[in-house]
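Every chain is numbered from 1, with letters handed out A, B, ... down the list of sequences. Predicted, not measured: the structure shown is a model, and the values here were computed from it.
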2 protein chains.
Amino acid sequence: MDIRTLCLGLLTMGDASGYEIKKTFEEELSHFYEASYGSIYPALTKLTEEGLVSCREMAQEKRPDKKVYSITPMGRLAFMDALSKKPGRDRIRSDFLAILMFADLLPARQLSRLIDDRIDHYRERLAELDDCHASQEETPAHQFVTGYGRAVYQAAIDYLEDNRHVVEGEALLSRASAAG
Amino acid sequence: MDIRTLCLGLLTMGDASGYEIKKTFEEELSHFYEASYGSIYPALTKLTEEGLVSCREMAQEKRPDKKVYSITPMGRLAFMDALSKKPGRDRIRSDFLAILMFADLLPARQLSRLIDDRIDHYRERLAELDDCHASQEETPAHQFVTGYGRAVYQAAIDYLEDNRHVVEGEALLSRASAAG
DNA sequence: GTTATATATATCATTTCGATATATATAACG
DNA sequence: CGTTATATATATCGAAATGATATATATAAC
């Protein structure tokens, strides 16, 4: 499932411009897939050349012209075919965890700051998912994927809070004094 | 934190060849970072040119020659500097979740198979982490990162098991009959 | 004998990122 | 009134990285 195919999939849900597709990536998909203009625009051009989508230019008032893309019947077939393939493995790259592998090289304050920031970050992402849940009517599929994100973020927060003392070391002392 | 920098970091833990670094990526880092030969070998070449690592060729018996890389004092400084930078955001790409967004387009059997496979996949990854835990003496940092992986995989398995009915639909019926 | 696996390095087309350029319009701020 | 920020919209390009493949040697399995 490359970005080209995922753009095709998004167009099964309704017509859109490249800019709107980027917005969708940022808003709905950002928790499990990312794409930049540098991949989206060439993808749409290629899909058009292949006849999997069609494009009409729309003049707009007080806005730049828009190119609105629609999926073609051939495009729908191609996407169904892509969906039937077994998914590629997840690709992840976490600077946070990579840095943590070298925790013993970090000053204690910096390490604590790193973990604090990461917990804040996950809380923000949880809030985004809750907003998403509140604002719009969701399909079961959307609900399911959103819930998945929530579960994983919450697990990460819980783990960081419960186990940060393993790398922070001195937290052991403050815990002991809090308990005693 | 690009692959070049992470290779430098791995060399702070001991000398290694490109092949051995790839092994480390596959074994210890695969849960949160990936890299291919196509990025590792050029990275080592560039680090050598910059004087951040040094390289000595070693003839081996009954094995191809090896190029063993060592980090230089300058390299250690450069890595400490890189560590002090705040981490880039996580980059993830999950075909599995992307496909699930189109669950309503999938035949029921295919969807169930997809989720079964994913649960199996996470169980395997959990087992890998447990092997890792059992086999080698671990630094606190390593323990912490491994535990993080376990927590997240377990949360994913639990979520999939508890909520698959949301997208599978007919599972609602079997649950109702199992309960009644 | 042939197939698979392991050790070891290297290259290359393709994909993708991240930054930047261009253009138009509104809103905010002092 | 000027400046800065934000939003809409498309496009391109160098740099990074993937995934596949090539080359070479050796052992183990079947």
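At whole-Å resolution of the value, CG in B:L44 and P in C:dT11 are 13 Å apart. Here the C1' atom of nucleotide C:dT11 and the NZ atom of B:K22 are 16 Å apart, to the nearest Å. The separation between B:M1 atom CE and D:dA16 atom P is 16 Å, rounded to whole Å. Atom CD in A:E34 sits roughly 15 Å away from atom P in D:dA17 (whole-Å rounding). Rounded to an integer number of Å, the gap from CD1 of A:I21 to C1' of D:dA11 is 15 Å. Between the OH atom of A:Y37 and the P atom of C:dT20 there is a distance of 16 Å, given to the nearest Å. In this structure, A:E26 atom CD and D:dA9 atom P are separated by 13 Å, rounded to whole Å. For the pair A:D2 CG and D:dA17 C1', the computed distance is 15 Å after rounding to whole Å.
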### Summary
Taking Watson-Crick and G-U wobble contacts under 3.5 angstrom, with | marking pairs to another strand and [ ] crossing pairs, the secondary structure of DNA chain D is written ||||||||||||||||||||||||||||||

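Atom OG of A:S84 and atom CD1 of B:I99 lie 9.0 Å apart (nearest 0.5 Å).
You'll find that the side chain of A:E20 is closest to D:dA9, out of C:dA8, D:dT18, D:dA9.
Dashed line: the shortest gap from a side-chain N or O of A:R93 to OP1 or OP2 of D:dT18 is under 4.0 Å. The phosphate of C:dT15 (OP1 or OP2) has no side-chain N or O of A:R91 nearer than 4.0 angstrom. In this model, the phosphate group of D:dT18 is approached by a side-chain N or O of B:S36 to a distance below 4.0 Å at OP1 or OP2. Distances shorter than 4.0 Å separate none of the side-chain N or O atoms of B:R89 from OP1 or OP2 on C:dC17. Residue B:K67 places at least one side-chain N or O under 4.0 Å from the OP1 or OP2 atom of C:dA10. In terms of phosphate contacts, A:S17 brings a side-chain nitrogen or oxygen within less than 4.0 Å of OP1 or OP2 of D:dT10. The phosphate of C:dA10 has neither OP1 nor OP2 within less than 4.0 Å of any side-chain N or O from B:Y41. At the phosphate of D:dA16, neither OP1 nor OP2 sits under 4.0 Å from any side-chain N or O atom of B:S39.
With a 6.0 Å cutoff to the six-membered ring centre and a 45° limit on the axis angle, A:R118 counts as a cation-pi contact of A:Y122. Both the sub-6.0 Å distance and the 45° axial angle are satisfied by B:K22 relative to the ring of B:Y37.
Under the 30°/60° scheme for interplanar angles, the aromatic rings of B:Y159 and A:Y148 are found to stand perpendicular.
Side-chain contact between B:I115 and B:I119 is present, with heavy atoms from C-beta onward closer than 4.5 Å.
Using a cutoff of 4.0 Å between basic side-chain nitrogens and carboxylate oxygens, A:E20 and A:K66 are scored as salt-bridged. A:K86 and B:D117 are not joined by a salt bridge, as no carboxylate oxygen comes within less than 4.0 angstrom of a charged side-chain nitrogen. Using a cut-off of 4.0 Å between Lys/Arg side-chain N and Asp/Glu carboxylate O, A:E128 and A:R125 are scored as salt-bridged.
Judged purely by distance below 3.5 Å, without hydrogens or angles, the side chains of A:E168 and A:S112 pair a donor atom with an acceptor atom. Between the side chains of A:H31 and A:Y153, at least one donor-acceptor pair of N or O atoms lies under 3.5 Å.
Backbone-only contact: B:K23 has heavy atoms under 4.0 Å from sugar-phosphate atoms and none from a base. B:G38 comes within 4.0 angstrom of a nucleotide base, judged by non-hydrogen atoms across all strands.
Contacts between residues 3-12 of chain A and DNA chain D, defined by a heavy-atom separation under 4.0 Å, are absent.
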